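These notes are about the structure you will find just below.
Everything numeric here is computed off the predicted structure, so don't read it as measured data.
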Amino acid sequence: MATDTLKSTSSADSATGGLRRLLLDNGALSALIVLVIAMSALSGDFLTTDNLLNVGVQAAVTAILAFGVTFVIVSAGIDLSVGSVAALSATVLAWSATSHGVPVLIAVLLAVVTGIAAGLVNGFLIAYGKLPPFIATLAMLSVARGLSLVISEGSPIAFPDSVSHLGDTLGGWLPVPVLVMVVMGLLAAFVLGRTYIGRSMYAIGGNEEAARLSGLRVKKQKLAIYALSGVFAAVAGVVLAARLSSAQPQAADGYELDAIAAVVIGGASLAGGTGKASGTLIGALILAVLRNGLNLLNVSAFWQQVVIGVVIALAVLLDTLRRKAGATPVAGASQGGKGRQAATYGLAAVVTVAIVGATSFLHNGSSSTANPKVGLSLSTLNNPFFVQIRSGAQAEAKKLGVDLTVTDAQNDASQQANQLQNFTSSNLDAIIVNPVDSDAASNSVKAADQAKIPVIAVDRGVNKASVDALVASDNVAGGELAAKSIGEKLGGKGKIVILQGQAGTSAARERAAGFAQGLKAYPGIQVVAQQPADFDRTKGLDVMSNLLQAHPDVQGVIAANDEMALGAIKALGSKAGTSVSVVGFDGTPDGLNAVKDGTLYASVAQQPSQLGKIAVDNALKALEGKKVEETIKVPVKVVTKENVAGFTG
C-alpha cells in the first residue's frame, strides 16, 4: 500500500512538474492561447475569418522586422534602426520607380541593397569601430530617417501598381503580406537552425570571446548579421508601403521597439545566445492580437500602450523564472526536441480550437443593440484640435443614440489602416475617418466600400477611394487667410518665419501651400526661414528659440497650428504681441485664450467641434440611405482680439 501511495504521489508530482515545465518552456505560446480565448469570450467580432486575417496582416510588418532583429539579439546585439531603414528602403523603391523610371524589379533590388548597405554600416561601426550596438544603430535610425525625408522631400511617394499588389489578397481572401511573413519566417528559421552563420549567432551571443578563441571570425560574422537584419527591414518596408499604396517618409516610426518586444516576448534573451523564429512569430502575433482585441473592445490607444508595456515586462519576468527553474533554453534543439515542440504546437492548436469553439456560444443568440454603430478613426488625440473633433462627434452621437467607437492612430498611417480594417471586419454600420495621410488610407477605405459600409472623411480627404462625403475646412484657403492676416498686420513689409507641420502629412503640405499662395500678394514680406516643428508645442518652442539666434529682427511668425504658435510665443517672450506678430491655425481653446491675451495676433479657426458633429450627422444619413452632399465645407474664420469673444468654436 505504501509503495502504491508513493508511486501515485510520484506520478502526480511528475505530471505537475511536467505541466509546469511545459508552460515555462512555452510561455509565449501559452500567453497567445490565453489571449485568443479571452478576446473570443469578450468580443463576438474577434473570432471571424476576416478579423483573424486582419490579425495576420497587422502582425506581418512587425514580424518581418522582428525576424531580422532576432539574428541581432541572438548574437547579443541590438538594432534600433530597422524602422527607419524600412522607411528608407521603401522610399528608394518608390523614388527610383516613379521619379526616375527605373524598372520595378531593379527598383526592388535597389530597396534591398539599401537595407543591406544600412546593415553593413551598422555592422562595421560595431565590429570594427567598436561602437556599442545601441549607439551605432541609434545613429543609423536618425540617418536613415533623415535620408528618407530628403529623398521624398517630406511628402509620400505613390507606389507603382505592380508593387502595390503586395498589399492585395490572393483568391480574394488570402492576404499577400501574410504569405510574405510566412516565407520570411521560414527563411529566418532556416538561417538560425541550418546554416553556419546561424550557429555563429548563438556562439557569439553565448560567449563572444570563446567564439573568437575557437576560430570564429566574429567581426565578419557581425557584418553579415547586421546585413541580414537590413534585408529583413527592407522587405518589411516594401510590404508596409504596399499596404499604404505609398512610401511614407515617416512610416514605421517606433516599429523597432515593437520588433524588439516581439523577439523578447517570443522567449529570446537580450543577453544573447537564445531565441528562435517561431517564438518571434508568436511574439508578433501576441502584439497584433492585443491591439486588435483592444480596438474591438474600444480601449483607448493610451491604455493600449500601458497594456503592451506590462506584457513586455511580464515576458522578461517569465524569461527570468524559466532560467531559475532550469527550463530548456531555446537556442537549439535535437531532433527529438523538435518533435516534442511540434507536438506541443499541435496540442496547443487543438486545445485552443476546442476552448474558443466553446466560448463562441457565449455570443450566439445575444441580442444586438438597436443603436447604429459608428467607428471614428482620428489621426491623433495628442492635439487639442482633434480632441475637439472627438468631443463634437461624441456629443452628437449621444444626442442621436449612436454607439460611437473612437480610435487614435497616433499619426501612424499603418496603425490607422489596422484600425479601419478592424472597423470593417466588425461590421460597423458606418465609418468616419480623419486620415493620417490621404493616400495611405485608400486601400482600407476601398475595403469598407466593398463591404457596403458608408465612409465619411473628416478634415482631410481620401485619395483613390470613394467616400460618401467629405466634411472639412479648406486647409489651403485657411493658409491663404493666415498669410493675409500677417501681411496686413505688418503693412505688407517685414521679415517672417514659418513653422511647418509634421513632414509628410497632408495637413502640413496643404497649409504650407496656402501660406505660399497667400504671401504672393505681399512681395514686401520676406520669409527668412521655414522649419518643421511637427505640430508640437515643445518643438515649436525649441525651433523658434533656434531661429531667433539667426534672425533676431524677425517681425512675424506663421505657424501651421496653434500648438506650435504657442511654443513660438513662449520663445519670443515679451516680443510676442508687441514687436512680433504671431498667427496660428485651428482655433483651439488655448489658442483662443492667447488671442484674448494679445500674445497671439490671430488664429485661423476651423470650428473642429462642428466638424465632428456634422460628420456624425452625415454618417447617420448615409446609413439610412438619405442623400448626402459629396463635400460639406465648414467655413474657416480668422479670429482676432476684436471678434474672439463671439467665437464659439
Side-chain angles (χ1 to χ4, degrees), residues 29 32-33 35-67 164-186 235-236 238-245 258 262 278 280-297 345 348-349 352-353 356-357 359-360 363 375 377 405 407 409 412-428 431 433 440-453 455 465:
L29 180 60
L32 180 60
I33 292 171
L35 268 178
V36 170
I37 293 170
M39 293 304 177
S40 301
L42 293 172
S43 173
D45 296 317
F46 179 81
L47 197 65
T48 64
T49 301
D50 286 344
N51 191 61
L52 293 178
L53 288 174
N54 281 346
V55 171
V57 172
Q58 292 165 22
V61 173
T62 299
I64 295 169
L65 285 174
F67 290 140
S164 293
H165 289 315
L166 283 173
D168 294 341
T169 57
L170 292 179
W173 68 276
L174 183 58
V176 176
V178 174
L179 287 178
V180 177
M181 175 181 69
V182 171
V183 170
M184 298 306 289
L186 291 174
V235 173
V238 173
V239 171
L240 175 59
R243 282 193 67 204
L244 304 178
S245 296
D258 277 359
S278 58
T280 295
L281 176 60
I282 291 172
L285 288 173
I286 285 174
L287 292 176
V289 167
L290 266 175
R291 288 199 171 102
N292 176 270
L294 293 174
N295 279 343
L296 295 178
L297 296 172
Y345 287 172
T352 303
V353 170
V356 166
T359 59
S360 65
H363 305 288
S377 175
T405 299
T407 60
D412 182 344
S414 176
Q415 187 168 333
Q416 184 166 64
N418 295 342
Q419 293 167 356
L420 293 175
Q421 285 181 330
N422 292 341
F423 285 164
T424 301
S425 63
S426 300
N427 294 315
L428 294 184
I431 295 173
V433 57
S442 61
N443 284 344
S444 301
V445 171
K446 287 177 183 176
D449 290 340
Q450 291 174 357
K452 307 298 182 184
I453 299 175
V455 179

Heavy atoms only: give me the nearest [X]-[Y] pair and the separation to one decimal.
{"X": "Ala284", "Y": "Ala262", "value": "N-CB, 3.6 Å"}
{"X": "Ala465", "Y": "Ser442", "value": "CB-O, 3.7 Å"}
{"X": "Arg243", "Y": "Ala417", "value": "NH2-CB, 3.7 Å"}
{"X": "Val289", "Y": "Leu35", "value": "CG1-CB, 4.1 Å"}
{"X": "Asn443", "Y": "Ala242", "value": "ND2-O, 3.6 Å"}

Compare all side-chain heavy atoms of [X] with those of [Y] and state whether any distance is below 4.5 angstrom.
{"X": "Asp50", "Y": "Gln421", "result": "no"}
{"X": "Asn418", "Y": "Asn54", "result": "no"}
{"X": "Phe67", "Y": "Leu281", "result": "yes"}
{"X": "Leu53", "Y": "Val178", "result": "no"}
{"X": "Gln58", "Y": "Asn295", "result": "no"}
{"X": "Asn292", "Y": "Met39", "result": "no"}
{"X": "Ser444", "Y": "Gln416", "result": "no"}
{"X": "Thr407", "Y": "Phe423", "result": "yes"}

How long is the gap from [atom1] on [X] to [atom2] on [Y], to the nearest 0.5 Å?
{"X": "Ile37", "Y": "Leu42", "atom1": "CD1", "atom2": "CG", "value": "11.5 Å"}
{"X": "Leu244", "Y": "Asp412", "atom1": "CG", "atom2": "CG", "value": "8.5 Å"}
{"X": "Ile431", "Y": "Asp449", "atom1": "CD1", "atom2": "CG", "value": "9.0 Å"}
{"X": "Thr62", "Y": "Arg291", "atom1": "OG1", "atom2": "CZ", "value": "6.5 Å"}
{"X": "Ser425", "Y": "Leu296", "atom1": "OG", "atom2": "CG", "value": "6.0 Å"}
{"X": "Thr280", "Y": "Ile64", "atom1": "OG1", "atom2": "CD1", "value": "13.0 Å"}

Item checked: Donor-acceptor under 3.5 Å (Ser43 side chain, Ser40 main chain) ->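 Answer holds: no.
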